[in-house]
Each structure stands twice: as C-alpha cells, then as structure tokens.
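Below is one structure, written out as structure tokens, with a few remarks after it.
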Amino acid sequence: MSQQLIDYYRAIEDSSRQMLEAARARDWETVTRHEGVCAILIEQLRERAQNETLLPDQRAEKTRIMQRILSNDAQIRYLAEPWINEAEPAESPPPRYLH
C-alpha cells in the first residue's frame with residue numbers, strides 16, 4: 001500500500017514539472033489546468049495518508065520530491081509575476097498587510 005502513497009507524491013511532482021514547462025512557454029491556461037490536477041492529487045494524498053505510512057526510504061524520497069516541487073513552485077511564481085500584475089485591475093487598492 002505504501003508504494004501507492006509515494007506514487008501520489010511522484011504524480012504531484014510530475015504535474016508541478018509540467019506546470020513549470022508551461023509557465024516557461026507562457027502557456028497560462030496549461031499552468032492553471034495542471035494546478036487543478038495538483039489540487040486533486042493533494043486532496044487524494046491527504047485522504048490516503050490518514051491510513052497509510054511511508055517506509056524510511058520512501059520518506060527520504062518524499063523529502064527530495066517536496067524540495068523539487070517547492071523549487072518548481074518558486075520558478076513558476078517568478079515567471080507568473082508579470083502575468084499576474086497584468087491581470088490585476090489597474091484601479092485595485094494596494095494590498096493591506098497585518099503586522
């Protein structure tokens with residue numbers, strides 16, 4: 001059973017990689033589509049993780065996968081920033097921060 005759990009992490013990483021490739025191509029529709037795929041996989045992973053555990057070597061693999069996902073995410077955000085700024089209305093108020 002734990003093999004299936006690690007497969008969710010691998011699938012999320014794969015979708016994250018595809019999101020990055022789409023962001024590099026400025027294909028924001030595909031980025032959004034893969035973002036939805038990731039959300040579904042993450043929800044399925046959460047449900048499965050309640051009843052399954054990873055073996056020690058799989059936990060190490062999970063850590064490596066999560067680091068790659070976070071790296072992909074940072075790159076996607078960097079690439080998307082100009083696009084997000086263009087999509088925001090020009091008259092929107094500046095964001096408010098709580099300190």
Side-chain angles (χ1 to χ4, degrees):
M1 286 275 197
S2 60
Q3 187 61 36
Q4 293 175 350
L5 189 58
I6 195 69
D7 288 339
Y8 278 95
Y9 287 100
R10 291 175 184 149
I12 293 165
E13 178 188 15
D14 183 58
S15 190
S16 169
R17 181 188 49 75
Q18 292 179 46
M19 284 174 63
L20 178 55
E21 290 173 6
R24 286 178 175 152
R26 304 235 182 269
D27 181 355
W28 305 115
E29 186 176 317
T30 300
V31 171
T32 302
R33 186 168 32 93
H34 283 288
E35 186 177 32
V37 169
C38 282
I40 291 167
L41 289 168
I42 290 167
E43 186 57 36
Q44 292 172 343
L45 172 65
R46 285 184 180 142
E47 289 178 25
R48 244 185 213 275
Q50 293 176 6
N51 301 316
E52 297 179 36
T53 58
L54 295 172
L55 300 172
D57 60 324
Q58 291 173 327
R59 285 195 296 270
E61 181 179 0
K62 170 192 164 188
T63 298
R64 290 188 297 272
I65 289 170
M66 293 302 296
Q67 290 170 341
R68 289 189 297 263
I69 291 170
L70 290 172
S71 175
N72 290 347
D73 184 64
Q75 292 177 65
I76 293 164
R77 289 175 188 272
Y78 176 79
L79 292 167
E81 189 172 306
W83 176 73
I84 290 171
N85 289 337
E86 290 173 11
E88 290 180 349
E91 298 175 13
S92 65
R96 295 177 52 121
Y97 300 99
L98 296 176
H99 296 278

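- For D14, the salt bridge (charged side-chain N to carboxylate O under 4.0 Å, His left out) partners at least two apart in sequence or on another chain are R17.
- Note that the CG atom of N72 and the NE2 atom of H34 stand 12.5 Å from one another [nearest 0.5 Å].
- Here the straight-line distance linking atom CZ of R64 with atom CD of E61 works out to 6.0 Å at 0.5 Å rounding.
- Heavy atoms only, all atoms of each residue included: C38 and S16 are closest at SG-N, 4.0 Å.
- Checking S71 against Q75 by side-chain atom types alone, a donor-acceptor pair falls below 3.5 Å.
- Within the 4.5 Å cutoff, the side chain of R68 has heavy atoms near those of the I65 side chain.
- How far CG of D27 is from CE of M19: 11.5 Å, rounded to the nearest 0.5 Å.
- Atom CG of L5 sits about 10.5 Å away from atom CZ of R10, to the nearest 0.5 Å.
- Applying the side chain to side chain donor-acceptor pair (under 3.5 Å) test between R48 and each of Q44, E52, Q50 identifies E52 as the sole match.
- Within the 4.5 Å cutoff, side-chain heavy atoms of W28 are placed close to those of L79.
- A distance of 11.0 Å separates CD of E13 from CG of L70, quoted to the nearest 0.5 Å.
- Evaluated for a side chain to side chain contact (heavy atoms under 4.5 Å, CB included) with Y9, the options T63, L54, I69 yield exactly one hit, L54.
- Note that the OG1 atom of T53 and the CD atom of Q58 stand 8.5 Å from one another [nearest 0.5 Å].
- Note on I6: it clusters hydrophobically with M66, by side-chain heavy-atom contacts below 4.5 Å among ILVMFWY residues.
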